[in-house]
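Take a look at the structure below.
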Amino acid sequence: MTDTVSPRKTAHEAFLGSRNVDAGLFARLSEGITVADASPGAREPLPTLAPFTGERLASVPQCTDEDVREAAHRAREAQEAWARRSIAERARVFLRYHDLVMERQELILDLMQLETGKARGHAFEEVLDAAITARYYARSAARHLKTRRRQGALPGLTLAREERRPKGLVALISPWNYPFTLAASDAVPALLAGNAVLLKPDRKTSFTALLAVRLLREAGLPPDLFAVVTGEGEPLGEPLIRSADYVGFTGSTEVGRHIARLAGEALIGCTLELGGKNASLVLDDADLDRAVEGTLRGCFANAGQLCISTERLFVQAGIYSRFVERFAERVRSMKLGGGLRYGPEMGSLISAEQLATVERHVGDAVGKGARVLAGGRARPDLGPFFYEPTVLEGARAGMELFADETFGPVVSVSRFTSVDEAVERANDSPYGLNASVWTRDARRGYAVARRLEAGTVNVNEAYAAAWASTDAPMGGMKTSGLGRRHGAEGILKYTEAQTVAVQRLFPVTAPANVPGERYARVMTGALRALKAASRLPGLR
Ligand SMILES: NC(=O)c1ccc[n+]([C@@H]2O[C@H](COP(=O)([O-])OP(=O)(O)OC[C@H]3O[C@@H](n4cnc5c(N)ncnc54)[C@H](O)[C@@H]3O)[C@@H](O)[C@H]2O)c1
């Protein structure tokens with residue numbers, strides 16, 4: 001199906017010289033896309049670009065409604081046998097996947113860099129995250145999913161148990177910014193819980209997602225269990241959600257609302273992992289070096305195209321001048337560049353659209369009085385979508401970047417006097433995804449963190465402490481999302497809780513031969529006795 005281009009014309013051959021990726025790889029990965037036999041022809045392939053050069057890289061098929069139905073059908077068939085396997089047996093696939101991800105990292109990194117234009121160091125964070133998440137769930141799924149005893153209606157006589165059953169078919173819609181880990185890492189707990197998965201990756205990064213799926217199949221996942229359809233979101237979202245029992249969406253808040261409406265109509269559950277306008281609070285007792293380096297990573301990781309990156313930096317008055325001077329100097333020294341090698345601290349933006357948003361936000365802010373302390377320019381000399389890491393001072397309400405997510409390498413820095421003021425300003429946002437607090441006093445940091453309206457808060461780390469704590473829930477408050485990934489929450493959401501209660505000796509409800517009045521008297525007495533007993537020490 002895929003319209004692969006001649007090797008000589010591909011961007012990676014012409015410019016980047018990957019030893020791992022060639023045109024044949026795109027053709028092989030395309031075999032992982034579900035295309036229904038009954039719907040030939042109608043789909044124009046969609047070209048994908050290599051952001052480092054702006055050249056065409058390959059093309060992906062535009063799947064149709066029929067393809068979605070076919071993929072869903074095959075995945076559901078595969079799910080029945082998969083759900084019958086023990087959790088330990090399922091887990092072995094993900095332990096093998098962990099090893100494969102580490103072994104094939106050079107291939108994964110090359111392909112990911114080619115599709116996204118990100119720096120290799122940032123791409124490696126994905127490899128690490130995918131491996132860690134797979135291993136975490138492979139080792140903890142049995143604990144999360146085990147049958148639990150619950151308090152029965154009549155103590156000692158009602159044996160109530162909570163079972164966890166797979167939902168069936170989970171649809172996942174994933175974005176381009178972390179295309180390897182976000183395609184696979186939400187699928188891992190869904191699959192471990194006994195579900196099939198139907199994935200629609202972003203069209204810009206479909207091949208990276210397909211590589212993750214291919215590695216899972218190589219690790220032993222049944223071929224149709226994790227199906228992929230490719231193409232634009234708009235026509236595929238509806239059939240995808242109509243054919244699924246649950247949907248996990250990661251992307252913008254705007255599209256997230258649309259997905260929630262579709263899930264509401266289909267009456268299925270959903271998780272929405274959406275945007276952020278994340279704040280970092282640097283308190284006056286912060287370790288200056290650590291805060292400068294840490295917030296720098298927090299602002300410019302993945303060129304700021306990271307949902308949990310810092311876009312608002314609040315610095316306390318006592319440290320403000322020193323911090324800002326050092327921070328801006330360090331930002332000016334950052335190494336930008338392309339190429340499939342470690343070295344550059346920041347790569348390219350992914351597309352002309354991303355570049356346009358960044359230029360618009362900076363232009364609007366500067367036009368309304370913000371000052372550029374570092375960066376502030378596109379860098380076409382490095383590649384068509386490069387933009388310098390940028391620090392602005394003097395952002396205020398009325399500027400586009402004040403409230404809206406830029407999703408690029410731009411941070412606004414401002415001074416605060418009291419912690420109360422900083423907390424109020426940080427919380428003054430419709431978003432609530434991630435935040436960080438920088439201080440030498442961990443207790444103080446913790447207390448401030450508890451007052452911030454964000455799903456994850458890091459003390460003396462920008463985002464990685466909370467994100468990499470895979471056992472702890474991760475997700476957004478307010479318009480940053482619904483539901484959580486990671487930890488128990490990240491796997492139980494893909495299950496139906498089923499209560500099975502076995503009644504022994506006496507019935508819970510009134511037996512037919514006992515008059516209603518007598519039953520009411522006995523039960524009233526029983527509740528009074530229970531209440532009295534609960535007041536006794538040790539019997540609560
Ligand atoms: N909270 C998180 O964990 C997290 C992680 C990564 C990215 N994000 C957010 O994602 C956004 C960046 O990604 P984006 O701009 O590509 O997001 P987007 O919402 O435009 O696209 C995300 C995915 O949704 C699909 N899509 C688009 N329109 C659709 C529709 N009508 N129906 C069904 N699917 C549709 C796209 O094809 C893509 O696969 C940012 O806002 C970022 O903060 C959030």
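Atoms within each ligand, like the ligands themselves, are counted from 1 in listed order. Note that the numbering runs from 1 along the sequence shown for the chain.
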Practice prompt. Applying side chain to side chain contact (heavy atoms under 4.5 Å, CB included), name anything that partners Pro179, two or more places apart in sequence or on another chain.
Written response: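 Met112, Thr116, Lys118, Glu126, Thr205, Thr208.
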Distance-only donor-acceptor check, side chains [X] and [Y], under 3.5 Å:
{"X": "Asp471", "Y": "Tyr136", "answer": "yes"}
{"X": "Asn434", "Y": "Trp467", "answer": "no"}
{"X": "Ser185", "Y": "Arg485", "answer": "no"}

Worksheet item: How would you list, by chain and number, the residues with a heavy atom under 4.0 angstrom from ligand 1?
Response: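 Residue list for ligand 1: Ile173, Ser174, Pro175, Trp176, Asn177, Leu182, Lys200, Pro201, Asp202, Gly233, Glu234, Gly237, Phe249, Thr250, Gly251, Ser252, Val255, His258, Ile259, Glu273, Leu274, Gly275, Cys307, Glu405, Phe407, Leu433, Arg485.
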Item to complete: Taking Thr390 for its side chain and Gly376 for its backbone only, find out whether a donor-acceptor pair lies under 3.5 Å.
Response: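 Yes, because the side chain of Thr390 sits within donor-acceptor range (under 3.5 Å) of the backbone of Gly376.
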Worksheet item: Looking at Arg261 and Glu265, does any basic side-chain N land under 4.0 Å from a carboxylate oxygen?
Response: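 A salt bridge is absent here (no side-chain N lies under 4.0 Å from a carboxylate O).
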